[in-house]
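All values derive from a computational prediction rather than experimental measurement. Along the sequence shown, residues are numbered consecutively beginning with 1.
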Amino acid sequence: MCLITLCLITGMGQAHNLDNATGTSQDAVQVGTKLYLHAGDGGGTTSAGGSGGGGSCNAVLLWTATLPDTVTAVDMRPDGAVVVAGTADGNVTLFNSSGTTLWAVPSGGPVSAVGIADDGNSIVAGTGDRLMMLDAAGRIVWTVDARSRVLGAGISPDGDRCAAGTVAGDLLVTDNRGGILQEIPFGSAVNTVAAGSDGALIAAGTENGTIRLLDAEGDVLWTHDAGSPVLSVSMTGDGIVIGAGTGDGAVVMLDGEGQGDPVWTAASAANTVHLDADGSALGAGTGGGYAYLMDGTGIKTWQYGRMKTLDGENRAVTGIALSSSADYLVIGSDNRNVYYFAFTSRLPPTVMKETEPVNPSSAEAAPAVTRTSPASVGAVAEALTPQEAPGFCVAACLGAVAIAAASRRKGR
């Protein structure tokens with residue numbers, strides 16, 4: 001009986017040791033679901049509804065990040081997990097949804113535009129007179145000489161096609177390896193571009209006020225006269241809805257045939273617009289320092305502003321981006337700030353940068369303290385290596401011997 005007891009206890013005498021858990025490399029990223037709330041209003045005020053009437057929604061400012069120079073462009077992965085920002089000092093910076101900087105890469109010239117593919121593995125930036133692609137770890141994959149200052153840049157949702165517009169009036173379309181597929185003269189500076197799924201459609205807005213939609217061969221499907229320099233375009237992946245912002249403050253909504261009109265006009269230039277995945281919501285930012293969220297008909301449902309410097313000077317909104325379901329919104333301003341908002345109580349996914357595992361070099365080394373996000377708990381659990389716990393086994397054996405001795409005394 002004592003022997004059986006000893007065997008059972010010894011068999012259970014196993015322990016999981018975190019010191020031997022396997023880890024990932026420094027460049028790896030992991031998706032978790034952790035929400036970080038940061039206090040402060042970021043220099044603006046948020047409100048629901050607006051002069052347009054209709055529905056309303058509320059938002060929470062999750063975080064504000066201040067960069068060394070003017071924020072010139074922002075984009076967001078469709079699930080809201082990461083935000084990419086470009087600045088006038090030439091840096092391309094990637095944040096996770098908690099506001100932590102994952103990396104910052106100098107591009108060699110002022111960044112005019114950024115875009116990120118749906119999977120987050122390809123990031124495009126217009127910088128100086130070049131179009132540049134980076135991967136999720138911040139490594140520069142390729143650069144293309146545009147031979148003129150790049151004003152607008154975009155990437156298709158699948159990352160297969162990139163587009164750039166230049167001050168010389170050219171539209172460049174590349175593949176995902178940096179090979180130039182088309183170079184199309186427009187006759188006017190191409191201020192802004194957007195690429196649809198598979199690169200089948202490219203939308204472009206020009207300084208002379210036209211919005212054009214082109215097919216994969218570079219043929220113009222239609223042209224819409226916006227009546228003012230087009231500063232920003234955005235479209236759904238299928239090209240069914242196209243949004244644009246103009247220098248005279250108009251926010252234009254067009255269908256896949258190029259039909260439509262301004263749905264709302266701001267008091268200052270509509271510097272930036274961004275549609276959600278199905279075109280049911282559109283974010284817009286103005287030169288007057290306000291950001292708006294509106295539905296597909298142009299009815300404002302939310303606004304934020306005015307953007308200011310620490311000295312109280314008014315600043316413009318220079319970039320805006322929505323997640324695919326308009327649950328999360330990011331704003332960039334020339335007050336050097338990036339703002340991240342949530343319109344839902346659901347936790348945004350968070351890309352976490354893994355650290356190298358720490359293995360003590362000797363038995364006397366202090367044990368490492370490991371902190372994990374909720375999503376990484378499963379990975380760590382799988383990596384746990386069963387280790388024998390001799391101390392526990394010895395104690396169990398001694399206990400069993402004591403029980404046997406006590407039984408013999410009782411039998412007597």
Side-chain angles (χ1 to χ4, degrees), residues 24 28-42 44 46 48 56-67 71 73-86 92-104 114-123 136-138 155 157 159 234 236-237 272 274-278 280-283 285 291-293 301-304 317 319-333 337-355 371-379:
T24 56
V29 293
Q30 182 169 8
V31 177
T33 52
K34 200 167 197 176
L35 181 66
Y36 297 80
L37 297 180
H38 290 244
D41 63 7
T46 180
S56 63
C57 56
N58 296 313
V60 175
L61 176 60
L62 299 186
W63 53 265
T64 301
T66 301
L67 296 176
V71 178
V74 295
D75 200 7
M76 174 187 284
R77 206 170 79 176
D79 61 0
V82 293
V83 170
V84 59
V92 180
T93 304
L94 192 72
F95 301 94
N96 65 13
S97 64
S98 71
T100 300
T101 300
L102 299 176
W103 48 257
V114 294
I116 187 167
D118 282 1
D119 61 6
N121 290 326
S122 301
I123 295 166
I155 188 169
S234 178
T236 55
T272 177
H274 193 273
L275 287 163
D276 70 348
D278 62 4
S280 62
L282 179 138
Y292 301 94
L293 185 63
T301 58
W302 173 86
Q303 70 180 46
Y304 181 79
V317 175
I320 198 165
L322 289 170
S323 64
S324 59
S325 57
D327 287 334
Y328 311 106
L329 178 148
V330 64
I331 299 168
S333 170
N337 287 335
V338 176
Y339 307 86
Y340 187 104
F341 292 88
F343 291 84
T344 175
S345 59
R346 292 192 300 274
L347 302 181
T350 298
V351 171
M352 306 294 289
K353 191 171 185 179
E354 293 293 330
T355 58
R371 295 182 176 88
T372 61
S373 65
S376 65
V377 171

Problem - Close side-chain approach of Y340 to Y328, heavy-atom, < 4.5 Å - result: yes
Problem - Whether N96 side chain and M352 backbone form a donor-acceptor pair below 3.5 Å - result: no
Fill in the blank from the handout: To the nearest 0.5 Å, atom CG of D75 lies from atom CZ of R77 at 12.0 Å
Practice task
For the pair S234 (side chain) and L275 (backbone), establish whether a donor and an acceptor sit closer than 3.5 Å, ignoring hydrogens and angles.
Solution key: yes
Exercise for the section: Please examine the side chains of L293 and L329, heavy atoms only from C-beta on, and report whether any two atoms are closer than 4.5 Å. Expected result: yes
Handout entry: Residues forming a side chain to side chain contact (heavy atoms under 4.5 Å, CB included) with A73, sequence neighbours excluded
Key = V114
Handout entry: Exam field: side chain T272 to backbone I320, donor-acceptor pair closer than 3.5 Å
Key = yes
Practice task
Take L282 and D276, measure what side-chain contact (heavy atoms from CB on, under 4.5 Å) needs, and give me the verdict at the end.
Solution key: CA-CA 6 Å; L282 179 138; D276 70 348; over 6 Å; no
Exercise for the section: Report yes if some heavy atom in the side chain of V338 is under 4.5 Å from a heavy atom in the side chain of I331; otherwise report no. Expected result: no
Exercise for the section: Report the distance from atom CG of D118 to atom OG of S324, rounding to the nearest 0.5 Å. Expected result: 8.0 Å
Exercise for the section: Answer with yes or no whether the side chains of T350 and S98 bring together a donor and an acceptor at under 3.5 Å. Expected result: no
Problem - Note, L94 side chain near T101 side chain (heavy atom, < 4.5 Å) - result: no
Practice task
Start with the C-alpha distance between V351 and L102, add both sets of side-chain angles, then the distance that settles side-chain contact (heavy atoms from CB on, under 4.5 Å), and finish with yes or no.
Solution key: CA-CA 9 Å; V351 171; L102 299 176; 3.9 Å; yes
Exercise for the section: Could you walk me through whether F343 and N58 pass the side-chain contact (heavy atoms from CB on, under 4.5 Å) test, one step at a time? Expected result: CA-CA 6 Å; F343 291 84; N58 296 313; over 6 Å; no
Problem - Nearest-0.5 Å distance that lies between atom CE in M76 and atom CD1 in I116 - result: 10.0 Å
Problem - CA sep, side-chain torsions, deciding dist, call: Y304, F341, ring-ring contact (aromatic ring centres under 6.0 Å, His included) - result: CA-CA 10 Å; Y304 181 79; F341 292 88; 4.7 Å; yes
Handout entry: Verdict with reasoning, N337 to T66, per side-chain hydrogen bond (donor to acceptor under 3.5 Å, both in side chains)
Key = CA-CA 4 Å; N337 287 335; T66 301; 2.6 Å; yes
Practice task
Can you sort out the partners of D327 under salt bridge (charged side-chain N to carboxylate O under 4.0 Å, His left out), two or more places apart, ordered by chain and number?
Solution key: R346
Exercise for the section: Check whether any side-chain N or O of S122 sits under 3.5 Å from a backbone N or O of A117 as a donor-acceptor pair, and report yes or no. Expected result: no
Handout entry: Distance-minimising heavy-atom pair for S323 and P78
Key = CB-O, 3.1 Å
Exercise for the section: Without swapping roles, check the side chain of H274 against the backbone of G283 for a donor-acceptor pair under 3.5 Å. Expected result: no
Problem - Considering all heavy atoms, the nearest D119-N121 contact - result: OD1-N, 2.9 Å
Problem - Non-hydrogen side-chain atoms of V74 and V84 separated by less than 4.5 Å - result: no
Practice task
Flag the pair D79 / P349 as yes when at least one side-chain heavy-atom distance between them is below 4.5 Å, and no otherwise.
Solution key: yes
Practice task
Kindly say whether A291 contributes a backbone atom to a donor-acceptor pair with the side chain of W302 at under 3.5 angstrom?
Solution key: no
Practice task
Using ring pair (Phe, Tyr, Trp, His ring centres under 6.0 Å) as the criterion, list what pairs up with F95, not counting sequence neighbours.
Solution key: W63
